[in-house]
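To find a chain, count down the sequence lines: A is the first, B the second, and so on, and within it residues start at 1.
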Amino acid sequence: MTISREEPLLAAEGLTRWYGRQLGCRDVSFSIYEGEVLAIVGESGSGKSTLLQLLSAQLEPSEGHVRYRMRDGVTRDLGLLGEAERRFLFRTDWGYVHQDAAQGLRMSVSAGANVGERLMANGWRHYGRIRATAETWLDRVEIDRGRIDDTPRTYSGGMRQRLQIARNLVTEPRLVFMDEPTGGLDVSVQARLLDLLRGLVTDLGLAAIVVTHDLAVARLLSHRIMVMKGGQVIETGLTDQVLDDPQEPYTQLLVASILPA
Amino acid sequence: MNAPAYNFAYLDEQTKRMIRRAILKAIAIPGYQVPFASREMPMPYGWGTGGVQVTASILGPNDVLKVIDQGSDDTTNAVSIRKFFQRTAGVATTTHTRDATVIQTRHRIPEQALAEGQVLVFQVPIPEPLRFLEPRETETRRMHALADYSLMHLKLYEDIARHGRISTSYAYPVKVQGRYVMDPSPTPKFDNPKMNDCAALQLFGAGREKRIYAIPPYTAVVSLDFEDHPFERYRHDARCELCGADDSYLDEVITDDRGGRMFVCSDTDYCEARRATADKPHAVPQGYPA
Ligand SMILES: Nc1ncnc2c1ncn2[C@@H]1O[C@H](COP(=O)(O)OP(=O)(O)OP(=O)(O)O)[C@@H](O)[C@H]1O
Ligand SMILES: [Mg+2]
């Protein structure tokens with residue numbers, strides 16, 4: 001998967017973030033290519049969310065850069081993008097799936113409007129076509145079309161998360177950020193969501209950066225894994241290799257405690 | 001008392017200059033909401049203090065003022081604002097749209113086409129069209145700055161999804177000169193087309209929210225819509241029972257306590273002028289019960 005002659009889609013170089021004197025993360029560098037899924041794992045407070053926000057240009061790094069290859073093929077430093085360009089990325093080429101669906105959805109408008117919003121933001125002005133596209137996406141995330149005019153308030157936790165995914169994928173982004181996408185859901189609901197995510201990621205050839213503290217999620221979704229501790233990356237590699245044969249004592253501990261052999 | 005205890009048109013000259021600067025800026029950036037230091041006026045906010053401050057700042061001794069409330073010159077609100085300026089500025093007043101140089105209005109645009117040299121001053125309760133889905137002021141400002149208006153279409157989408165058509169009938173959002181999305185204040189959408197390419201200057205004052213915005217004469221004002229659900233003007237499908245007009249915006253008036261009702265022009269000046277010039281009584285309106 002990583003063996004590719006093309007340029008990376010996104011490259012982090014020496015990313016460091018301080019919150020005052022508190023370290024968020026330190027000196028993180030890696031690349032991700034189109035169609036590749038990277039999991040970021042680590043215990044609470046290890047800097048996963050900080051890193052994800054840095055990568056998606058929602059937080060400014062104290063040091064380092066993020067470079068992203070735009071749809072026109074030109075690689076740009078995200079720190080130098082204007083606000084309008086950043087927003088454009090967010091409504092076209094990127095998705096961001098929050099752990100708490102309420103943060104990623106508009107809870108007071110219908111599911112159809114939630115899915116259609118990005119289309120409208122991209123200039124769609126034909127109601128019938130927006131609605132038809134929203135219906136197709138509800139199908140894809142296994143939500144009954146009959147619920148298109150209901151607000152997500154009336155949805156279950158799993159449905160909300162699937163709706164959030166549809167809302168993000170409707171513009172067929174190339175890169176999706178996910179922060180604990182299955183967190184807070186029942187185990188059976190988690191399994192179904194993971195299955196769905198895996199299918200979509202493969203079908204659409206998405207690149208994804210998934211933050212999770214659940215190694216089972218990493219195992220199922222990702223090609224590569226990055227293990228963080230105390231704000232730094234301590235081990236990285238192909239997911240199966242790292243999980244089956246962890247090199248670092250901390251990773252061994254992590255694997256042993258969560259995936260008992 | 002001979003000399004009034006207040007300045008011409010109530011506000012002191014320094015305040016007027018500040019408000020005029022805001023108005024000039026608003027005219028220079030059509031549809032953009034300009035903040036201004038709104039003053040306390042001797043009337044409650046719901047009475048259009050924003051419009052009153054704008055009117056007070058542009059009024060000169062030779063102006064002729066008309067004040068309407070929902071199209072009518074005779075409501076308490078219209079009468080008291082008219083009296084206020086008669087007393088504080090001594091200006092002439094009129095009920096005739098054609099004769100007025102300044103028209104302060106609450107929620108209507110006169111039926112009579114406005115002319116060059118006239119100024120229409122709107123009283124605005126909530127100036128921010130994005131407020132209903134985005135309560136954060138910092139965020140709505142950024143959306144205006146980036147011309148990021150997908151929320152407006154989101155609202156229209158919801159309208160159609162719920163009602164099968166765009167049901168928004170008041171405060172229907174418009175795009176001004178292809179740039180800023182603006183709330184035309186709670187005027188019926190029937191009036192929206194009158195804002196487009198209008199010969200008069202249109203000024204909007206929101207007192208409580210401290211905003212002034214403007215549409216200069218002959219500016220493009222487009223109502224937002226979808227290709228397959230185009231903007232439609234709406235009026236009751238009836239004639240005015242007093243003057244017979246079939247082209248004016250109608251109010252439904254309750255005539256007795258047994259459920260009797262009739263449709264009459266909301267614009268009282270328009271209705272009276274039609275009745276005054278009619279040499280014969282208009283045909284009895286048809287199509288609805290007497
Ligand atoms: N806004 C902030 N202000 C100050 N410190 C912060 C802030 N956000 C995060 N931190 C600190 O930075 C470090 C990394 O936090 P981060 O939220 O990135 O961890 P995480 O790996 O996402 O944890 P979790 O699994 O609990 O979500 C922690 O020590 C945290 O307390
Ligand atoms: Mg986190």
Side-chain angles (χ1 to χ4, degrees), chain A residues 57-58 81-92 94 102-135 137-138 143-155 163 166-168 170-171, chain B residues 29 32 126 128-169 171-176 178-181 189 192 220-232:
Chain A
Q58 298 182 83
L81 289 188
E83 173 78 6
E85 290 174 303
R86 244 198 315 267
R87 285 189 177 217
F88 181 74
L89 265 184
F90 255 106
R91 64 173 189 253
T92 54
W94 286 0
Q103 257 185 282
L105 292 171
R106 293 194 186 275
M107 298 303 283
S108 60
V109 305
S110 69
N114 265 288
V115 179
E117 181 172 357
R118 275 179 167 233
L119 301 175
M120 293 184 253
N122 287 308
W124 287 40
R125 292 291 177 265
H126 191 284
Y127 174 84
R129 282 201 277 277
I130 293 165
R131 193 172 175 82
T133 305
E135 281 173 339
W137 271 98
L138 291 187
I143 293 173
D144 178 3
R145 284 182 176 209
R147 303 294 303 274
I148 191 170
D149 293 329
D150 297 343
T151 70
R153 284 193 212 290
T154 69
Y155 281 20
L163 181 63
R167 170 177 163 85
N168 274 282
V170 67
T171 52
Chain B
I29 317 170
Y32 172 77
I126 299 167
E128 180 48 73
L130 297 161
R131 180 74 77 239
F132 67 98
L133 272 177
E134 182 48 76
R136 291 168 299 175
E137 172 79 19
T138 47
E139 187 58 18
T140 55
R141 273 200 216 184
R142 195 170 296 138
M143 287 170 166
H144 282 294
L146 298 169
D148 179 359
Y149 291 126
S150 46
L151 276 190
M152 300 312 305
H153 275 92
L154 196 74
K155 172 155 191 311
L156 298 179
Y157 173 98
E158 283 294 86
D159 252 17
I160 303 171
R162 291 212 182 115
H163 306 106
R165 61 188 174 81
I166 298 177
S167 61
T168 301
S169 53
Y172 191 107
V174 293
K175 190 170 239 184
V176 181
R179 178 56 180 86
Y180 285 97
V181 165
K189 66 178 171 184
N192 274 22
V221 177
V222 176
S223 302
L224 302 183
D225 62 4
F226 284 105
E227 289 158 18
D228 49 343
H229 287 268
F231 171 82
E232 276 175 3

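Classification of the A/Y127-B/Y157 ring pair by plane angle, with boundaries at 30° and 60°, yields tilted.
A/R118 does not touch chain B: none of its heavy atoms, backbone or side chain, sits under 4.5 Å away. Both the backbone and the side chain of B/I160 come within less than 4.5 Å of a heavy atom in chain A.
Applying the salt bridge (charged side-chain N to carboxylate O under 4.0 Å, His left out) criterion to A/E85, with sequence neighbours excluded, gives A/R76. Residues satisfying the side chain to side chain donor-acceptor pair (under 3.5 Å) test with A/Q103, not counting sequence neighbours, are none. Partners of A/R147 according to the salt bridge (charged side-chain N to carboxylate O under 4.0 Å, His left out) rule, which considers only residues two or more places apart in sequence or in another chain, are A/D150.
Environment of CZ in A/F88: sparse, with no more than 12 heavy atoms of neighbouring residues, nucleotides or ligands closer than 6.0 Å. Residue B/E232 qualifies as open at atom CD: its count of foreign heavy atoms under 6.0 Å is 12 or below. No more than 12 heavy-atom neighbours from other residues, nucleotides or ligands sit within 6.0 angstrom of CD1 on B/I126.
Summarising the geometry of A/D149 relative to B/A161, their closest heavy-atom pair is OD1-CB, 3.6 Å, with the distance given to 0.1 Å. In terms of heavy atoms, A/G128 sits closest to B/D228 at N-OD2, 2.7 Å. Between B/L133 and A/R106, the shortest heavy-atom contact is O-NH1, 4.0 Å.
The distance from atom CD of B/E227 to atom CZ of A/R125, rounded to the nearest 0.5 Å, is 9.0 Å.
Close approach to chain A, defined as a heavy atom under 4.5 Å from one of its heavy atoms, is seen in B/D148, B/S150, B/L151, B/H153, B/L154 of residues 147-154 of chain B, taken by number.
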Review point. What's the verdict on salt bridge (Lys or Arg N to Asp or Glu O under 4.0 Å) for B/R141 and A/E83, showing C-alpha distance, side-chain angles and the deciding distance?
Key: CA-CA 13 Å; B/R141 273 200 216 184; A/E83 173 78 6; over 6 Å; no

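The side-chain heavy atoms of A/R129 and B/F226, taken from C-beta on, include no pair separated by under 4.5 Å.
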